[in-house]
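Remember, predicted model here, so these are calculated numbers, not experimental data.
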Amino acid sequence: MGWEGAGCGGGGGVVMGVRVVCVAQEGKGVGTGHRVRMERLAEGLRKEGVEAGVRVWDGGRWEGEGGEVVWVVDVRRSERGWVRALKEEGVVVALDPDPVLAREADVVLAGLPQAHRERVNVRVAPVWWEVPRREGRGREIRRVLVSFGGEDPWGLTEWVCGLDGGVWGGCEVEVVVGPRFGREVRTGWRVVRPSGPLHERLGDYDLVITSFGLTAYEARKAGVGVLLLNPTAYHAGLGRRAGFAGGRPGRGWVRLLGRVLRGGEEGVWGEGVGGRSAVEVVRGVVEGWGGVGCPGCGERGRRAVWRGEERTVVRCAGCGLEYVLGLGPAEREYGPDYFFEEYRAQYGRTYLEDFASIVERGRERVQVLRRWVPEGGRVLDVGCAYGPFLVAAREGGYVPAGLDVGEDAVAYVRQELGVWAWVGRFEEWEEEGEWDALTMWFVIEHFRRLSEVLDKVARLLKKGGMFAFGTPNARGLSWLLRRDRFYRESPRDHHLLLSVGVVRRLLGRWGMKVVAVRQTGLHPERIPVLGRLFPPGTLRWRITGRLLGLLGLGDTIEIYAKKYG
Ligand SMILES: [Zn+2]
């Protein structure tokens with residue numbers, strides 16, 4: 001078994017040296033389709049310059065890869081312990097998973113209709129590879145292919161071959177005997193033993209008789225008629241939901257076959273096969289790669305709490321931090337566009353138009369800080385943007401300085417506000433020195449490596465210095481009322497979803513103690529029913545707002561922590 005295809009990567013390592021390992025299952029009762037599909041996925045990824053290979057899991061002992069891996073798992077029978085071992089090494093992407101895998105995987109892709117209802121990230125096309133088309137023969141059926149996969153454990157091939165010759169009405173029938181049949185099939189029909197991929201030849205036929213699975217979709221994509229003969233009620237249900245004509249072995253099915261051959265069954269002619277390519281989606285997971293382990297504590301155990309088109313939110317089993325596994329590149333620019341066009345799109349006015357009200361909020365924050373940081377203290381505002389907090393801090397008697405990735409913003413701070421500021425990313429910033437306070441207003445959730453950020457915060461702060469930041473509250477009212485919407489609407493560039501309890505635990509590891517929490521972003525009007533009774537601005541609305549604050553249900557929070565030791 002082991003690694004196949006490593007090193008064959010065309011151009012390999014184009015995407016940061018993260019490896020994709022496609023895991024398939026084989027053996028009795030599993031069929032060969034899953035392995036075929038994983039081989040096609042690995043092949044498609046290698047063509048895109050992603051290092052990818054296939055491994056087969058037989059349910060036995062499993063050796064890890066010893067590196068950073070995106071696993072794509074296509075198995076019929078998984079085990080919880082095994083999936084957790086995979087998660088230790090990387091992101092687990094499950095394609096059409098069983099219920100165990102559907103719960104444990106980070107990312108779930110569905111190509112086939114699901115038999116169970118776990119949340120799916122992306123619906124992908126069941127067949128994303130090219131299939132040569134049947135052309136120019138209308139709906140006439142002359143050539144029929146009977147194919148029940150590489151193994152046919154139910155003996156459907158024999159059942160079809162045993163039908164009375166008269167039912168075929170003069171058609172030419174060919175029968176596939178797969179590589180894992182392990183038996184001979186006695187038939188008067190021509191036997192095909194495919195040496196290459198069967199899908200390349202499907203377009204030569206007019207009708208394919210198969211059970212629910214990849215061949216059915218490949219035939220549909222080839223524009224060939226498809227009639228299913230399903231071994232179990234489970235397969236029959238999936239086939240029906242996918243819109244295929246067919247049934248289970250019996251007299252009813254034979255009558256159906258008769259109607260099909262006489263041209264009386266429109267249902268065998270499907271509409272083609274749509275959906276996104278799994279190659280493209282998995283490539284996105286590789287591009288969204290943020291390393292293995294919790295950004296806060298490094299623990300690798302985690303559980304998906306929400307899955308969507310663009311990302312999965314997982315909760316760390318160690319510290320409880322919720323963080324994002326992206327299904328695409330996450331880096332973005334915070335240039336002038338961010339503060340002008342995008343800000344306006346989101347808040348209805350530009351950042352600078354909003355400047356005065358942000359300064360006002362800054363004044364409140366300075367008042368809180370003054371409990372611990374005396375006048376004259378040096379305050380570094382990380383992600384200072386155009387400097388509203390710097391203005392408030394200077395007014396409040398501090399000596400402020402700013403740091404931001406935006407060159408325009410930093411130039412504005414220096415020239416228009418006359419405050420010292422640097423251009424740069426905090427993680428890479430090389431200026432050192434000792435600060436009385438470090439502040440980050442709605443910045444911390446954008447970092448991917450929280451532990452590196454906190455290392456630096458702890459290093460830059462004086463003993464007794466304050467770390468203060470604001471961030472969306474992942475346990476606020478919006479989360480409580482509409483969890484699905486809360487996660488779906490969390491901005492794409494937020495990698496961390498923080499809450500007070502998690503922050504307390506994490507900061508403790510860096511020698512910081514939370515000394516004050518402010519609940520902000522209080523929105524009583526979001527409470528169903530009450531919202532209508534208590535319109536914004538009324539006394540009842542204000543009282544309810546206070547109550548939400550006491551309950552810790554602000555949609556944003558401000559944390560003030562003191563460095564000890
Ligand atoms: Zn953690």
Undergrad: Check this for me, if you would: do R378 and D436 make a salt bridge, where the nitrogen-to-carboxylate-oxygen distance has to be below 4.0 angstrom?
TA: no
Undergrad: Here's one to test your reading of the geometry: is the NZ or CZ of R414 within 45 degrees of the ring axis of W420 and under 6.0 Å from its centre?
TA: yes
Undergrad: Looking only at atom types and distance, does a side-chain atom of E89 sit under 3.5 Å from a main-chain N or O of E65, one as donor and one as acceptor?
TA: yes
Undergrad: Would you call the rings of W62 and W82 parallel, tilted or perpendicular if under 30° counts as parallel and over 60° as perpendicular?
TA: perpendicular
Undergrad: Just by distance, no angles: are the side chains of T312 and N121 close enough, under 3.5 Å, to form a donor-acceptor pair?
TA: yes
Undergrad: For the side chain of D98 and the backbone of S78, is there at least one donor-acceptor N/O pair under 3.5 Å apart?
TA: yes
Undergrad: Sequence neighbours excluded and cut-off under 3.5 Å, please list the side-chain donor-acceptor pairs for residues 514-523, or say none.
TA:
unit_1	atom_1	unit_2	atom_2	d
R518	NH1	E558	OE1	2.9
R518	NH2	E364	OE1	2.8
Q519	OE1	G554	N	2.8
T520	OG1	T556	O	3.2
T520	OG1	T556	OG1	2.7
H523	ND1	E525	OE2	3.1

Undergrad: Less than 4.5 Å apart, side chain to side chain, heavy atoms only: is that true for R61 and E63?
TA: yes
Undergrad: Side-chain contact test, heavy atoms from C-beta onward, threshold under 4.5 Å: evaluate it for R37 versus L95 and give yes or no.
TA: yes
Undergrad: Are any of the side-chain heavy atoms of V73 and V93 separated by less than 4.5 Å?
TA: no
Undergrad: Just checking H446 against H494, ring centres under 6.0 Å apart?
TA: yes
Undergrad: Tell me whether the NZ or CZ atom of R311 lies within the 45° cone about the ring axis of Y487 and under 6.0 Å from its centre.
TA: no
Undergrad: Looking at side-chain heavy atoms only, is the closest gap between E88 and V292 below 4.5 Å?
TA: no
Undergrad: Establish, yes or no, whether the cationic atom of R365 lies under 6.0 Å from the six-membered ring centre of W441 and within 45° of the ring axis.
TA: yes
Undergrad: Compare all side-chain heavy atoms of W289 with those of V70 and state whether any distance is below 4.5 angstrom.
TA: yes
Undergrad: Apply the side chain to side chain contact (heavy atoms under 4.5 Å, CB included) test between F467 and each candidate in T439, L454, I559; give the one that qualifies.
TA: L454
Undergrad: Is D106 salt-bridged to R307, going by a charged N under 4.0 Å from an acidic O?
TA: no
Undergrad: Hey, are R303 and E104 close enough for a salt bridge, meaning a charged N less than 4.0 Å from a carboxylate O?
TA: no
Undergrad: For a 4.5 angstrom cut-off between non-hydrogen side-chain atoms, does R363 reach E395?
TA: yes
Undergrad: Answer whether the closest heavy-atom distance between the side chains of V72 and V21 falls below 4.5 Å.
TA: no
Undergrad: Applying side chain to side chain contact (heavy atoms under 4.5 Å, CB included) between V413 and each of V391, D381, L390, report the one that passes.
TA: L390
Undergrad: Going through the distances and angles, do Y323 and C316 end up as a side chain to side chain contact (heavy atoms under 4.5 Å, CB included)?
TA: CA-CA 8 Å; Y323 59 99; C316 170; 4.1 Å; yes
Undergrad: Could you tell me whether a side-chain N or O of R449 sits under 3.5 Å from a main-chain N or O of G290, the two making a donor and an acceptor?
TA: yes
Undergrad: Determine whether the side chains of W510 and D455 contain a donor N or O and an acceptor N or O closer than 3.5 Å.
TA: yes
Undergrad: Measure the shortest side-chain to side-chain distance between L321 and L496 over non-hydrogen atoms and say whether it is less than 4.5 angstrom.
TA: yes
Undergrad: Among L477, L480, I543, which residue meets the side chain to side chain contact (heavy atoms under 4.5 Å, CB included) test with L548?
TA: L477
Undergrad: One pair to check against side chain to side chain contact (heavy atoms under 4.5 Å, CB included): R283 and V50. What are the steps and the verdict?
TA: CA-CA 7 Å; R283 190 192 153 93; V50 179; 3.9 Å; yes
Undergrad: Donor-acceptor pair, K87 side chain versus G301 backbone, under 3.5 Å?
TA: no
Undergrad: Where does the angle between the aromatic ring planes of F447 and F426 fall among parallel (under 30°), tilted (30 to 60°) and perpendicular (over 60°)?
TA: tilted
